[in-house]
Structure formats: structure tokens, C-alpha cells
*Asks:* 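Sharing a structure here in C-alpha cells format.
Per chain, numbering begins at 1; letters A, B, ... match sequence-line order. What you see below is based on every heavy atom in this structure, not just the backbone, and it leaves out hydrogens, waters and symmetry mates.
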2 protein chains.
Amino acid sequence: MRPRSADKEQAIRTKALQLIREEGLENLSMQKLAKAAEISPRTIYLKYKDKEDLLIRLFIEEVLGAYEAAVLDGFDDMQPFADGVRHIWQNTYCYLTANREAFALMQYGKSSPLLNKAYQERGIREGQFFAPIHRFLTRHAEAGRIRPFPIPVYRALLFAPLFELVNESFERADRHEPPFSEALLGDVCSSLIQSALLP
Amino acid sequence: MRPRSADKEQAIRTKALQLIREEGLENLSMQKLAKAAEISPRTIYLKYKDKEDLLIRLFIEEVLGAYEAAVLDGFDDMQPFADGVRHIWQNTYCYLTANREAFALMQYGKSSPLLNKAYQERGIREGQFFAPIHRFLTRHAEAGRIRPFPIPVYRALLFAPLFELVNESFERADRHEPPFSEALLGDVCSSLIQSALLP
DNA sequence: AATTAGTAAATAAACGTTTACTTATATTTG
DNA sequence: CAAATATAAGTAAACGTTTATTTACTAATT
């Protein structure tokens with residue numbers, strides 16, 4: 001039997017992310033994607049059940065999977081609070097600014113009902129996504145070192161600004177402005193750490 | 001001559017927002033919208049040049065316009081820093097949790113190239129959007145009361161968590177969980193104010 | 001009577017997906 | 001150890017449907 005060439009599968013994913021970032025999820029069509037990946041439309045259907053399956057797997061496997069790995073790289077849930085938060089900030093900022101296509105699809109995850117549903121189902125079913133960060137926050141909360149908030153509130157407080165800064169840094173780059181300095185990002189991160197710590 | 005009935009225009013906007021929130025921007029079609037608004041497709045084209053024009057004006061006029069008005073309601077750029085930030089938090093949280101359709105389209109504004117472009121063009125051309133908040137932050141920064149950050153950084157630090165909390169509160173409502181208490185939201189807001197203030 | 005609001009039905013183009021076919025290779029066979 | 005075969009990968013072209021938009025018409029009000 002004939003083996004499948006792995007580069008076609010990768011071409012589909014890479015070009016899909018590229019098209020989504022450039023033209024938007026709402027303008028991605030299977031025929032456009034096939035043309036961009038230089039394959040027949042049928043070939044996509046050899047690897048994905050339908051468009052929905054493609055988008056969900058692209059989102060979960062290609063984007064969220066790689067993002068999670070990058071963010072948690074070298075992270076240890078036993079770290080001191082400030083060190084751990086700074087570690088995640090560093091990883092996240094580096095990964096996202098270097099992977100704009102992934103960031104674009106992640107933003108759609110907050111809008112599109114399809115991706116949003118996929119994200120929530122994965123979050124509930126596996127319960128594993130970012131589990132180390134969950135443990136890290138729970139541990140420091142129980143030790144009385146940080147204000148006792150629900151986990152989603154820590155996420156909002158400590159990490160929502162980071163996403164906004166990533167987005168802003170893309171826009172600065174588009175306008176050919178200099179990037180945020182490491183010192184500035186460090187200052188914002190420190191401010192947030194301070195705001196979460198109990199006196 | 002025959003006068004146009006204003007309720008058809010409003011039906012188009014209301015149903016469009018409803019459909020976008022329920023099924024996503026990528027699944028909104030002109031024919032679906034016409035059927036939902038109980039009019040002929042042609043009628044939409046009497047009021048909007050094309051689909052793009054409809055979406056952009058829906059976003060800018062219907063959503064961002066009303067949002068800006070709600071957020072700035074009663075806000076005074078001469079307020080003390082903590083009061084002003086708390087005021088905006090209160091306005092924003094109340095408006096967005098009561099207008100889920102508007103929030104959904106605003107989220108698309110961060111993903112969709114079409115809406116994103118419209119947003120940035122308006123931001124640059126008019127330079128007026130949220131000008132009072134801009135003045136408010138600049139004034140307190142120049143007086144040396146808060147850390148000297150660029151404006152977009154303040155936006156990230158002070159308001160990105162608020163959006164995340166609004167989103168989270170919709171998800172809690174969907175899961176029939178109790179809403180965030182006013183005290184909790186107040187605590188988070190105070191933490192952020194603290195993190196921006198210079199010692 | 002003049003003019004614009006509004007409609008039903010049609011348009012061509014693009015859509016997701018499938019059919020009918022060809023190509024390439026791992027394994028079996030001579 | 002080749003040649004034959006089986007099988008899945010891959011393609012080109014088509015399927016019926018839905019898309020955005022328009023044409024040709026009717027309705028209502030000044």
C-alpha cells in the first residue's frame with residue numbers, strides 16, 4: 001500500500017492557520033485551503049471528517065497543545081509564587097509573539113461558538129489543561145500567601161493583561177514601532193504579582 | 001413618497017446581533033438574517049451597501065457606540081484615580097453583563113480582520129474613542145501618582161482582567177452557578193488600582 | 001401622480017463534499 | 001530477487017446547496 005506523505009498533513013495545518021490569520025476564520029473555505037496547500041480538496045477529507053473536525057483539531061491539537069507545552073516548559077508548581085508567575089509570563093510572551101498564527105486562532109476561540117464549545121468540552125472532560133498552574137495557585141492560596149480568589153479570577157488578574165500586551169505588541173510591530181522593553185513587561189508582571197500577594 | 005419604517009432597520013440590527021451571538025459571525029448569512037428579521041433580503045440592501053458595510057456599522061455604531069456611552073456614563077476625568085477606575089469598572093461590568101450580544105460582537109472585534117481593521121481605523125481617524133479615559137490616565141501619570149506606562153499598558157493592566165471576568169460570569173451563568181459577588185469584583189479592582197499606584 | 005419602501009424570485013459564483021479515477025508503494029508471489 | 005498485485009493516497013471534475021446580490025415588480029404615502 002501507498003504510505004501517506006506527512007508533509008501534506010502539515011501543509012494543510014500550516015496554510016489553514018495562515019489563511020485564518022490573514023483573512024479570518026469566516027473567510028476560510030475548504031477549496032481555498034486546498035489550493036493554498038497545493039492539494040486536492042478530497043485530500044483534506046482523507047485526514048479530517050469535515051470542516052468542523054478540521055477546525056476543532058487544528059485548534060485543540062495544533063494550537064492549544066503546542067501553547068500549553070510552551071507555557072509550562074520548565075515550570076514547576078512548587079516554585080515560589082513570584083517566580084512561578086514570572087516564569088509563565090516569560091514563556092507565554094515569548095511563545096505567542098513568535099507564533100502569531102496560533103495567537104490569532106486562540107482569539108477566535110473566545111468568539112466562535114464552535115471553538116469555544118470545543119475548548120470548554122476539553123477543559124471539562126480532561127481537566128488536565130494547565131493543571132500544574134491550577135495546583136500552583138491552589139497551593140499558594142491555601143498557604144495564605146495570596147488573596148483567596150477562585151481560580152478563574154487569578155487567571156483574569158494575572159494573565160489577561162499579558163494577552164492584551166501580546167496583542168498590543170503585534171499592533172506596534174505592524175506600525176513599525178519599537179517593541180515593549182523587557183523591563184516594562186517585567187514591571188507590569190511585578191505589579192500584578194504584588195496585587196495578588198497578601199500583605 | 002413612501003416613508004421607511006424605522007422598526008425594520010432595528011429588527012435587522014437586533015436579529016443580526018442575536019444570530020452572531022448564537023451561531024457565530026462565520027455562520028451569519030444575509031438570507032438567514034432577512035428571514036429572522038421577517039423581511040426580504042433586498043430590504044437590507046436599501047439600508048446597507050453590502051454585508052461588509054452592515055457588519056462594520058453594526059460593530060461601530062450599534063455596539064461600540066453604545067458601549068462607549070455606557071462606560072463613560074457619569075465619568076469625570078478629574079476624578080481621583082481610584083474613584084475613576086472603580087467607576088469605569090462598575091459601568092463596564094454592568095453594561096456588558098446586561099448586553100451579551102454586544103459583548104459577543106466585541107470579542108469578534110479582536111479576532112476578525114474586518115472588524116479589527118474597522119476598529120483601528122476609527123481609533124486612529126477619530127482619536128476620540130475613550131478620550132476622557134485617555135486624559136484621565138495621562139493626568140494621573142503626569143502628576144506622578146501612577147507608574148509611568150504607555151496608555152495601552154494601562155488598558156491591559158487595569159481593564160483586560162475586567163473583560164475576562166465578564167466572560168467568566170457568562171460561563172458561570174450558563175452552568176447555573178452563582179454570579180461573582182460585588183465584594184469580589186471590588187477586591188480585584190482594588191488590587192489592580194494598588195498595582196498601578198506609585199508607593 | 002410621483003416616488004421611494006418593500007417584496008418574491010432569480011442570478012452567478014462559491015460553498016462543502018463526493019464520485020470516479022489514477023498513482024505510488026509495501027507486500028506477496030513466481 | 002525481480003515482477004505482479006493489492007491497497008491506500010491522491011487527483012480532477014463534478015455534485016447539489018447556499019452564498020451575496022440584483023432584477024423586475026408591487027405597495028404605500030406625500
Side-chain angles (χ1 to χ4, degrees), chain A residues 1-62 105 108 111-115 117-118, chain B residues 1-59 62 105 108 111-115 117-118:
Chain A
M1 71 164 198
R2 181 178 175 177
R4 44 172 78 179
S5 69
D7 50 317
K8 301 210 169 168
E9 168 107 47
Q10 197 50 57
I12 292 172
R13 295 188 173 215
T14 305
K15 290 289 173 185
L17 286 175
Q18 210 172 96
L19 285 172
I20 289 169
R21 150 150 135 70
E22 285 166 3
E23 306 178 16
L25 185 58
E26 62 275 30
N27 295 311
L28 179 75
S29 85
M30 298 301 260
Q31 312 195 102
K32 234 193 252 179
L33 173 57
K35 193 159 283 184
E38 297 178 294
I39 52 165
S40 150
R42 182 75 238 274
T43 303
I44 304 174
Y45 289 88
L46 293 173
K47 294 147 206 290
Y48 303 95
K49 187 175 151 283
D50 51 26
K51 191 181 181 183
E52 199 170 305
D53 183 44
L54 166 65
L55 290 176
I56 287 178
R57 283 168 55 193
L58 194 67
F59 180 54
I60 299 283
E61 296 166 15
E62 191 78 7
L105 189 53
Y108 269 109
S111 323
S112 150
L114 174 66
L115 299 185
K117 199 176 137 236
Chain B
M1 72 167 200
R2 181 178 176 178
R4 45 171 76 177
S5 70
D7 50 315
K8 300 211 167 164
E9 168 106 48
Q10 196 49 59
I12 292 171
R13 295 188 172 216
T14 305
K15 290 289 175 186
L17 285 175
Q18 211 173 95
L19 285 172
I20 289 169
R21 151 151 134 71
E22 286 167 2
E23 305 178 17
L25 184 57
E26 62 274 30
N27 295 312
L28 179 75
S29 84
M30 297 301 259
Q31 317 198 98
K32 231 193 248 178
L33 172 56
K35 193 160 280 183
E38 296 179 297
I39 52 165
S40 153
R42 182 76 237 278
T43 304
I44 304 174
Y45 288 89
L46 293 173
K47 295 150 207 287
Y48 302 95
K49 186 177 152 283
D50 51 25
K51 191 182 181 183
E52 200 171 304
D53 183 46
L54 166 66
L55 290 176
I56 288 178
R57 284 169 54 193
L58 194 67
F59 179 55
E62 190 79 9
L105 189 54
Y108 269 110
S111 323
S112 151
L114 174 66
L115 299 184
K117 199 176 139 238

*Asks:* What contact category does A/Leu54 fall into here, base, sugar-phosphate, or nothing, at under 4.0 angstrom with non-hydrogen atoms?
*Replies:*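 No contact.
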
*Asks:* How long is the line joining CD of B/Gln31 and C1' of D/dT18, in whole Å?
*Replies:*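 In whole Å, D/dT18 C1' lies 7 Å from B/Gln31 CD.
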
*Asks:* If only side-chain N and O atoms of A/Lys8 are considered, is one of them under 4.0 Å from the OP1 or OP2 phosphate oxygen of D/dT11?
*Replies:*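 Result: yes.
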
*Asks:* Between D/dA12 atom C1' and A/Ile39 atom CD1, what is the distance in whole Å?
*Replies:*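 The distance from CD1 of A/Ile39 to C1' of D/dA12 comes to 13 Å, rounded to the nearest Å.
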
*Asks:* If you count the non-hydrogen atoms of other residues, nucleotides and ligands that lie under 6.0 Å from NZ in B/Lys117, is the total more than 12?
*Replies:*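 Incorrect, the count does not exceed 12.
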
*Asks:* Give B/Leu28 one of three labels, base, sugar-phosphate or nothing, depending on what nucleic acid heavy atoms sit under 4.0 Å from its own.
*Replies:*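 Counting heavy atoms under 4.0 Å across all strands, the contact made by B/Leu28 is with sugar-phosphate only.
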
*Asks:* Return no unless some side-chain N or O of A/Ser5 is found under 4.0 Å from OP1 or OP2 of D/dG10.
*Replies:*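 So the side chain of A/Ser5 is within the cut-off, an N or O lying under 4.0 Å from OP1 or OP2 of D/dG10.
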
*Asks:* Look at the side chain of A/Lys8 and the backbone N and O of A/Glu38, then say whether any donor-acceptor pair between them is shorter than 3.5 Å.
*Replies:*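 Such a contact is absent between A/Lys8 side chain and A/Glu38 backbone.
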
*Asks:* Can you see if the side chain of A/Lys47 gets near the phosphate of D/dG10 - specifically, an N or O under 4.0 Å from OP1 or OP2?
*Replies:*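 Indeed, a polar side-chain atom of A/Lys47 lies that close.
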
*Asks:* Take the protein atom OH of B/Tyr48 and the nucleotide atom C1' of C/dA5, then report the distance between them rounded to whole Å.
*Replies:*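 Checked: the OH to C1' distance equals 15 Å.
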
*Asks:* Would you mind reporting whether B/Asn27 and B/Lys32 have side-chain heavy atoms less than 4.5 Å apart?
*Replies:*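 Contact flag for B/Lys32/B/Asn27 side chains = yes.
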
*Asks:* Verify the neighbour count for atom NZ of B/Lys35: are there more than 12 heavy atoms of other residues, nucleotides or ligands below 6.0 Å?
*Replies:*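 Atom NZ in B/Lys35 is not crowded, with 12 or fewer foreign heavy atoms closer than 6.0 Å.
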
*Asks:* Can a side chain N or O of A/Ser40 be found less than 4.0 Å away from OP1 or OP2 on D/dA13?
*Replies:*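 Indeed not, no polar side-chain atom of A/Ser40 lies that close.
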
*Asks:* For C/dG16, does either OP1 or OP2 sit under 4.0 Å from a side-chain N or O belonging to A/Ser29?
*Replies:*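 So the side-chain polar atoms of A/Ser29 do come within 4.0 Å of the phosphate oxygens OP1 or OP2 of C/dG16, strictly under.
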
*Asks:* For B/Tyr45 and C/dT11, what is the distance between atoms OH and C1' respectively, to the nearest whole Å?
*Replies:*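 Interatomic distance, OH of B/Tyr45 to C1' of C/dT11: 13 Å.
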
*Asks:* Tell me the interatomic distance from A/Lys35, atom NZ, to D/dA13, atom P, rounded to whole angstroms.
*Replies:*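 From A/Lys35 NZ to D/dA13 P: 11 Å.
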
*Asks:* From CD of B/Glu23 over to C1' of D/dT18, roughly how many Å is that when rounded to an integer?
*Replies:*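 Rounded to whole Å, this separation is 14 Å.
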
*Asks:* Given atom NZ of B/Lys32 and atom P of D/dA20, what is their separation to the nearest angstrom?
*Replies:*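 Distance check: B/Lys32 NZ to D/dA20 P gives 9 Å.
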
*Asks:* May I ask you to decide if B/Ile39's main-chain N or O and B/Thr43's side chain share a donor-acceptor pair within less than 3.5 Å?
*Replies:*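 Not a single qualifying donor-acceptor pair exists.
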
*Asks:* Both A/Met30 and B/Glu38 contact DNA chain C. Which one's nearest nucleotide lies toward the 5' end?
*Replies:*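 First, find each residue's nearest nucleotide; the 5'-ward one identifies B/Glu38.
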
*Asks:* Round to a whole Å and report the spacing from CG of B/Leu19 to P of D/dT19.
*Replies:*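 Taking CG of B/Leu19 and P of D/dT19, I get 12 Å after rounding.
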
*Asks:* Need to verify one output field. Residue with the more 5' nearest nucleotide on DNA chain C, B/Pro41 or A/Asn27?
*Replies:*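 Result: B/Pro41.
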
